[in-house]
Asker: 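What follows is a structure written as structure tokens; I'll ask about it next.
Hydrogens, waters and symmetry mates are skipped; everything else that's a heavy atom, side chains included, is used. Sequence lines set the chain letters: A, B, ... in the order given, protein chains first and strands last, and positions in each chain run from 1.
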Amino acid sequence: MSALTFDAVRKTFGTAVALEGLSIDVEQGELISLLGPSGCGKTTALRIAAGFERADSGTVQVRGNDITKVPPHKRNMGMVFQSYSLFPNLTVEANVEYGLRTRGIPRHQRHERVAEMLALVELTTMATRYAHQLSGGQQQRVALARALAIQPEVLLLDEPLSALDAKVRTTLRDEIRRIQTSVGITTLFVTHDQEEALAISDRICVMSQGRIEQLGTPTEVYRHPTTAFVARFVGTMNELPAEVTGGNEVAVLGTRLSAPKADAFAQGTRVKLLVRPEDLTISESGLAGTVTSVTFQGASTLVGVRLDVLDRLVSVDVGQGAADHLTIGDRVGVGVNGTHAVCEAAE
Amino acid sequence: MSTWRARLGRLFPTLVLIASALFFLLPVLSSARFALQKVPMVLLNWSNVFDGWSLRTLSQPFKEDNFWPTLSLSLKLAGGTVALTLGLLVPTALFVHLRLPKARAFVEFLTVLPYVVPPIALVAGVAAFFRPNARWYLNSEYALVPLYVVMALPFTYRSIDAGIKAIDVRTLVDASRSLGAGWVTTFRRALFPNLMSSLVSSSFLTATVVLGEFTMANTLAKRTFPTFLYEYYGLKAQSGTALALMTLIGTTALLGIFTLFTRRRGARVPTRF
Ligand SMILES: Nc1ncnc2c1ncn2[C@@H]1O[C@H](COP(=O)(O)OP(=O)(O)OP(=O)(O)O)[C@@H](O)[C@H]1O
Ligand SMILES: [Mg+2]
């Protein structure tokens with residue numbers, strides 16, 4: 001039985017459709033990211049889970065119990081918000097204690113639990129501070145401690161990192177994952193940052209316009225996107241014109257290569273072939289072009305190449321050291337590996 | 001040329017400040033001379049600025065029979081108006097913010113309407129309606145309270161609204177509810193402490209409106225402090241002016257105290273719950 005289930009949840013605001021029959025099963029202890037562009041309905045899904053919005057139709061269940069009509073304060077869900085949400089009149093300690101007081105937990109147990117939670121988010125020394133005396137990252141950690149203190153059945157995180165700067169984002173992201181796995185809590189994590197979703201999730205639910213585009217592990221979503229939308233949204237893609245030559249084969253500028261699911265198109269159809277930078281290689285043969293940029297990224301190097309025939313820029317991700325001899329203006333060839341490519345109908 | 005301009009630019013704000021200070025202070029000083037100098041008014045001039053000052057007139061008003069009853073009625077009316085205003089407007093403003101954000105501009109517009117209706121028109125209408133229909137209402141000591149609520153609306157609603165805008169009510173309410181608090185607890189623990197300073201200043205605005213209102217009280221023949229002040233001034237101009245001066249100073253002092261209080265709140269005095 002799933003820890004949290006959305007069953008055909010539909011939600012409209014006036015004439016705008018926010019969710020179009022959303023169905024997800026979140027397993028016990030699993031972290032699922034809701035990933036998608038702005039306005040695709042991520043927050044709405046989360047707010048329906050928390051009880052702040054009522055679904056037009058469909059149900060939400062926790063361990064098989066229908067909670068669709070249960071008000072938020074009786075749901076036992078912990079939530080962390082995008083904007084800073086600590087009660088400004090209370091100390092860190094009192095913030096974490098808030099949910100325990102509303103539950104009428106005796107004083108000594110409350111104090112024990114608060115201490116435990118603050119230790120978990122490594123903020124024990126800040127217990128008596130107020131929100132305005134904390135950094136953004138610290139505030140979100142307190143918010144996390146506050147949400148976890150009540151031992152919720154589900155943890156809901158709505159872009160908790162989006163207000164933070166890049167460095168803090170990655171550390172806190174990893175910390176959230178560490179805490180989530182150590183507590184073993186079922187979690188829905190909303191983000192529009194694909195890198196964040198790939199790093200933190202057990203499964204990713206890619207959404208667009210209120211619908212699920214793909215629900216799968218980070219590897220599945222990245223390596224085997226089922227739709228062109230997912231392919232484009234998760235990671236970067238190069239776009240090459242191609243023609244389906246029958247079966248799972250396509251021709252890119254005269255070069256034949258195999259591409260999965262090309263057989264969904266009739267032979268002779270013009271398509272766009274979406275290929276990741278790491279599926280392109282710099283080689284002697286291949287598509288001729290000129291190097292326009294070499295961007296060192298630590299573990300790998302991104303090489304921009306302008307292809308002669310297309311007059312189009314592609315980016316090639318080459319492994320460590322392999323691009324050391326390249327400089328801007330060099331003539332190179334670009335090889336294409338179609339194994340993970342996605343075909344999209346050309347309009 | 002440019003230094004001359006820069007100097008004028010620096011001087012100008014100071015000049016404006018001095019001019020406005022004089023604009024407010026001179027009438028007050030003139031009243032003070034009239035009230036506290038034992039010199040007939042027609043003879044007051046520059047030569048006798050320092051002659052015959054005495055605080056005797058200051059104590060006169062307190063000996064009047066009507067002083068304490070009218071002051072007490074005005075204070076009661078102020079208290080009642082503050083209570084009714086907060087009771088009505090806080091839930092309304094919160095509701096509009098949380099549930100009807102689109103109606104915000106409209107509600108704000110409604111609340112400034114009393115500003116354009118002259119008090120005399122309002123009170124005449126109310127009297128004309130209630131005299132034949134519900135005389136008991138007009139006879140009540142507190143008949144003025146609802147009228148004052150309406151009259152103070154443009155100030156009080158804005159002040160409460162500003163307080164709500166200054167905090168992220170929506171997120172605080174959601175956070176509190178997700179932590180298991182119902183509406184009452186949420187209001188008491190999460191909202192009220194953070195709205196405190198705006199509620200205090202709104203109450204103060206309401207109280208000053210009530211304590212200074214004359215037209216409505218006079219029309220409905222209620223013996224409030226401003227009506228007493230008016231009558232008393234008619235009978236004894238000098239001690240009447242002295243009383244007006246004390247009222248002015250008292251109100252200013254209150255304003256100062258409340259400003260200090262709200263400042264301190266802004267610095268977040270720890271609240272336990
Ligand atoms: N309270 C509301 N009233 C009207 N429309 C709303 C409301 N909340 C959301 N919507 C609409 O529903 C759709 C989904 O909104 P939602 O906030 O769920 O998107 P999101 O995926 O969280 O976007 P973002 O990444 O910008 O936060 C949007 O088109 C939005 O305009
Ligand atoms: Mg959102």
Asker: Nearest 0.5 angstrom please: A/Lys74 NZ to B/Arg177 CZ, how far?
Answerer: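 Going from the NZ atom of A/Lys74 to the CZ atom of B/Arg177 covers 9.5 Å.
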Asker: Using a cut-off of 6.0 Å, state whether more than 12 heavy atoms not belonging to B/Phe62 lie near its atom CZ.
Answerer: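 Check passes, neighbour count above 12.
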Asker: Measure A/Met77 against the heavy atoms of chain B and call it side chain, backbone, both or neither at under 4.5 Å.
Answerer: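 The answer is the backbone of A/Met77.
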Asker: What's the separation between atom OG in B/Ser178 and atom NE2 in A/His73, rounded to the nearest 0.5 Å?
Answerer: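 Atom-to-atom, B/Ser178:OG and A/His73:NE2 are 12.0 Å apart.
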Asker: Please check if the number of heavy atoms outside A/Met1 that lie under 6.0 Å from its CE is greater than 12.
Answerer: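 No, CE of A/Met1 has 12 or fewer neighbouring heavy atoms, counting only those of other groups under 6.0 Å.
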Asker: More than 12 heavy atoms of other residues, nucleotides or ligands under 6.0 Å from CZ of B/Phe109: is that the case?
Answerer: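 Open: at most 12 neighbouring heavy atoms sit under 6.0 Å from CZ of B/Phe109.
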Asker: Counting only heavy atoms closer than 4.5 Å, note whether A/Leu86 contacts chain B via side chain, backbone, both or neither.
Answerer: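 Backbone of A/Leu86 only, per the 4.5 Å heavy-atom cut-off to chain B.
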Asker: Would you say that more than 12 heavy atoms from the other residues, nucleotides or ligands in this model lie under 6.0 Å from the CD of A/Glu53, or not?
Answerer: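 Correct, the count exceeds 12.
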Asker: Nearest heavy-atom pair of A/Ser85 and B/Ala175: which atoms, and what distance?
Answerer: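 Taking A/Ser85 first and B/Ala175 second, the nearest heavy atoms are O-CB, 4.2 Å.
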Asker: How many angstroms lie between OG1 in B/Thr186 and CZ in A/Phe87, if you round to the nearest 0.5 Å?
Answerer: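 That separation rounds to 7.5 Å.
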Asker: For B/Phe214, does the CZ atom have more than 12 heavy-atom neighbours from other residues, nucleotides or ligands under 6.0 Å away?
Answerer: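 Count over threshold, so yes.
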Asker: Taking the side chain as every heavy atom from C-beta outward, state whether B/Leu172 and A/Pro88 have any pair of such atoms under 4.5 Å apart.
Answerer: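 Yes, their side chains come closer than 4.5 Å.
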Asker: Do any N or O atoms from the side chain of A/Thr102 and from the backbone of B/Leu179 form a donor-acceptor pair under 3.5 angstrom?
Answerer: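 Answer holds: yes.
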Asker: Please classify the contact between B/Asp168 and chain A as side chain, backbone, both or neither, with a heavy-atom cut-off of under 4.5 Å.
Answerer: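 Looking at B/Asp168, just its side chain touches chain A.
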Asker: Side chains of B/Asp174 and A/Arg47, heavy atoms from C-beta outward: is any pair under 4.5 Å?
Answerer: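 Yes, at least one pair of side-chain atoms sits under 4.5 Å.
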Asker: Could you look at A/Arg75 and say if it's the side chain, the backbone, both or neither that has a heavy atom under 4.5 Å from chain B?
Answerer: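 No part of it gets close to chain B.
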